[in-house]
Amino acid sequence: MESEKTASSLFRLSAYQSRHERALIGIMSGTSFDGIDAVLVRIITDERGHIASLAMEGHYSLPYSQELQKRLLALCSPETARIDELVYAHAALAEWYAGAVEGLLGMAGRKAQDVYAICLHGQTVWHAPVPRAFPGPSGQPVAARGTLQIGSAPLLHERTGIPVIYDFRSRDMAAGGEGAPLAPFVDALLFGSLERGRIVQNIGGIGNATVIPAGAGNEAVFAFDTGPGNMVMDELAKRFTNGALAYDKDGLLAARGRVSHELLEPLLEDPYFSRKPPKSTGREVYGAEFAARFAVRGRALGLSDADIIATATAFTAETIVRAYRDFVFPLVPIDDVIVGGGGALNPSLMAMIRERLPVNVTLRTTADYGIPVLAREAIAFAVLGHEALMGHPSNLPAVTGASHEVILGSLTL
C-alpha cells in the first residue's frame with residue numbers, strides 16, 4: 001500500500017508539470033488577524049514551463065470570529081501563549097481554511113477535483129529572523145532562527161481531498177534568508193513595467209515594499225518590511241471602542257484626530273528604520289504590547305483617542321515613505337506606488353502617504369490593475385505553490401538575504 005501511495009504521488013507531480021493549464025487555490029491569513037482570503041487562480045505555462053498568463057477566477061473572504069481572533073492573538077505573545085492552545089489552534093485553523101475553500105469553490109462553480117493543489121500560507125504566530133544562541137549537538141551553541149505558521153496541512157487535505165503545499169518561509173530561512181518578504185517574485189510578474197519604475201506596497205498587519213525597476217529582471221527586484229502596517233491602528237481601535245471595532249473602518253477615527261509629533265518622533269528613532277534591507281519584522285515587535293505602550297504615552301501627553309489613532313496612522317505612513325527616501329529613491333527612479341492589503345481601504349492612511357510622496361509619483365491600488373486589494377497575497381502564494389510543484393526556485397536572495405535560490409514549501413499528498 002505504501003509503494004502504491006508513493007507511485008501515485010510521483011504520478012501526480014509528473015502530471016502537473018506536463019500540463020499547459022492548471023487551477024490552484026491560494027490561501028492567506030495575514031498579520032492583521034482579521035480573517036482568511038482564498039483565491040482560485042488559473043495558470044498557463046509556455047513550452048519551457050514558465051508562466052505565460054495568470055487569471056484569478058474567484059476570491060472569497062472568511063472573517064475570523066472575535067473569539068478565534070482573541071485566542072490566536074494570545075498565541076503571539078510569550079506572556080500569554082500556551083502550548084496546548086497552540087496545538088488545538090493548529091488543528092482548528094485547518095477547519096477554517098477548509099471552510100474558505102468550500103466557500104470559494106461554491107462561489108466559482110468549481111469542484112475539488114478541478115483543483116490541483118491548495119497553496120497555504122498559514123497563520124504566522126511568531127517570526128524570528130534574528131539569530132539567538134541555542135544549545136547545539138556538539139556542545140557549542142548554534143545560531144537558531146525560525147518562523148511558525150500554524151494551520152494543519154494534513155487536516156486541510158483530509159477535509160478537502162486536495163493536496164496542500166505549505167510552510168513556504170522555512171526553506172528560505174534555512175538558506176540564511178529572513179523568510180520574508182516572499183511576494184516580490186509575484187509582484188514582478190503582475191506589476192512589472194518596461195517603462196515605469198514601481199513600488200508595490202502591501203499594508204497588512206505589517207508593511208512591506210517590493211521595488212521593481214523599469215524593465216527589471218528578477219535579479220534587480222528588491223524588497224523589505226517597512227515597519228508597522230495596520231497592526232498598531234487595529235489594536236488601538238479595538239482598545240478605544242472596547243472591541244466594538246476591529247479596525248479603524250474607512251479611517252474615520254483617524255480623520256477626527258490630529259497627529260502628535262511629540263508622540264510620533266521618538267518612535268522613528270527605532271534602529272530598525274535605519275537598518276539597511278533585507279530586513280523583516282512582525283507582531284512580536286508591533287503587537288498588543290507596543291500598542292498598549294503607545295496608548296499610555298499618548299494619554300500622558302493629553303491626547304484624545306482619535307489623536308492617538310491619527311498618530312498611529314501617521315506612524316505607518318511616515319515609516320513607509322521614509323523607507324523609500326532612505327533605501328529606494330536614491331537607487332531607483334520610481335513612477336508609481338501601488339498599494340495592496342487592508343491599508344489600501346483606509347482613506348486617512350492613503351492621504352497621509354500621498355502627502356509625503358513626491359508629487360511626480362502616482363499613488364494607486366492593486367485594484368487599479370485588476371487585482372483586488374485583499375487578494376494579492378493569496379494570489380502570490382498560489383503562484384509560489386505552482387513554482388514549487390514545477391520544481392522551480394521562487395525566493396529572491398537579494399530580497400530575503402538567502403545565500404542561494406531554493407524551492408519553497410512542503411507538500412502533503
Is the closest side-chain heavy-atom distance between Thr400 and Pro278 below 4.5 Å?
no
For residues Arg42 and Arg22, determine if any side-chain heavy atom of one lies less than 4.5 Å from a side-chain heavy atom of the other.
no
Sorted by chain and number, sequence neighbours left out, side-chain hydrogen bond (donor to acceptor under 3.5 Å, both in side chains) with Asp37 holds for His59, Ser61
Quick check on Tyr272: does its OH atom have over 12 non-hydrogen neighbours (other residues, nucleotides or ligands) under 6.0 Å away?
yes
Between Asp307 and Arg258 (salt bridge meaning N to carboxylate O under 4.0 Å), is one present in this structure?
no
In plain terms, say whether Arg283 and Glu289 are close enough for a salt bridge, that is, a side-chain N and a carboxylate O under 4.0 Å apart.
no
Steps toward side-chain hydrogen bond (donor to acceptor under 3.5 Å, both in side chains) verdict (Gln149, Tyr166)
CA-CA 9 Å; Gln149 288 76 42; Tyr166 63 104; over 6 Å; no
How about Glu355: does its CD atom have over 12 heavy atoms from other parts shown lying under 6.0 Å from it?
yes
Inspect the contact between Lys279 and Asp225 and indicate whether a charged nitrogen and a carboxylate oxygen are less than 4.0 angstrom apart.
no
The side-chain hydrogen bond (donor to acceptor under 3.5 Å, both in side chains) partners of Glu85 (sequence neighbours excluded) come to Arg71
Start with the C-alpha distance between Glu57 and Arg110, add both sets of side-chain angles, then the distance that settles salt bridge (charged side-chain N to carboxylate O under 4.0 Å, His left out), and finish with yes or no.
CA-CA 10 Å; Glu57 296 188 346; Arg110 301 290 288 267; 2.5 Å; yes
Check whether any side-chain heavy atom of Glu102 lies under 4.5 Å from a side-chain heavy atom of Tyr97, and answer yes or no.
no
Are more than 12 heavy atoms, taken from residues, nucleotides or ligands other than Glu158, located less than 6.0 Å from that residue's CD atom?
no
Distance-only criterion, 3.5 Å: show the donor-acceptor pairs between side-chain atoms of residues 176-188 and protein atoms not counting sequence neighbours.
unit_1, atom_1, unit_2, atom_2, d
Glu178, OE1, Ser280, N, 3.0
Glu178, OE1, Ser280, OG, 2.5
Glu178, OE2, Arg275, NH2, 3.1
Asp187, OD1, Arg376, NE, 2.9
Asp187, OD1, Arg376, NH2, 3.4
Asp187, OD2, Thr210, OG1, 2.7
Asp187, OD2, Arg376, NH2, 2.8

Set of residues satisfying side-chain hydrogen bond (donor to acceptor under 3.5 Å, both in side chains) with respect to Arg145, sequence neighbours excluded
none
Minimum side-chain heavy-atom gap Asn230-Thr316 below 4.5 Å
no
Arg132 atom CZ, neighbour heavy-atom count above 12 within 6.0 Å
no
Nearest heavy-atom pair of Pro135 and Val142: which atoms, and what distance?
O-CG2, 4.0 Å
Where at least one partner belongs to residues 374-413, residue pairs that pass ring pair (Phe, Tyr, Trp, His ring centres under 6.0 Å), sequence neighbours excluded
Tyr16-His386, His121-Phe381, Phe168-Phe381
Taking Lys70 first and then Glu67, would you say they form a salt bridge - that is, a charged N and a carboxylate O separated by under 4.0 Å?
no
State, yes or no, whether a side-chain contact exists between Leu73 and Thr80 at a heavy-atom distance under 4.5 Å.
no
Any donor-acceptor N/O pair, Ser32 side chain to Gly205 backbone, under 3.5 Å
yes
Just do the salt bridge (charged side-chain N to carboxylate O under 4.0 Å, His left out) check on Asp336 and Arg364 with the steps written out, would you?
CA-CA 7 Å; Asp336 309 306; Arg364 296 190 172 95; 3.5 Å; yes
Test salt bridge (charged side-chain N to carboxylate O under 4.0 Å, His left out) applied to Arg297 and Glu262, step by step:
CA-CA 10 Å; Arg297 286 196 294 266; Glu262 191 174 359; over 6 Å; no
Atom CD in Glu284, atom NE2 in His127: separation rounded to 0.5 Å?
7.0 Å
Hey, does Ile203 have a side-chain heavy atom less than 4.5 Å from the side chain of Thr226?
no
What's the separation between atom CD1 in Ile150 and atom CG in Leu75, rounded to the nearest 0.5 Å?
5.5 Å
For the pair Arg169 and Thr124, evaluate side-chain hydrogen bond (donor to acceptor under 3.5 Å, both in side chains) and give the outcome as yes or no after the intermediate values.
CA-CA 10 Å; Arg169 300 188 185 277; Thr124 299; 4.7 Å; no
Qualifying residues under ring pair (Phe, Tyr, Trp, His ring centres under 6.0 Å), relative to Tyr60, sequence neighbours excluded
none
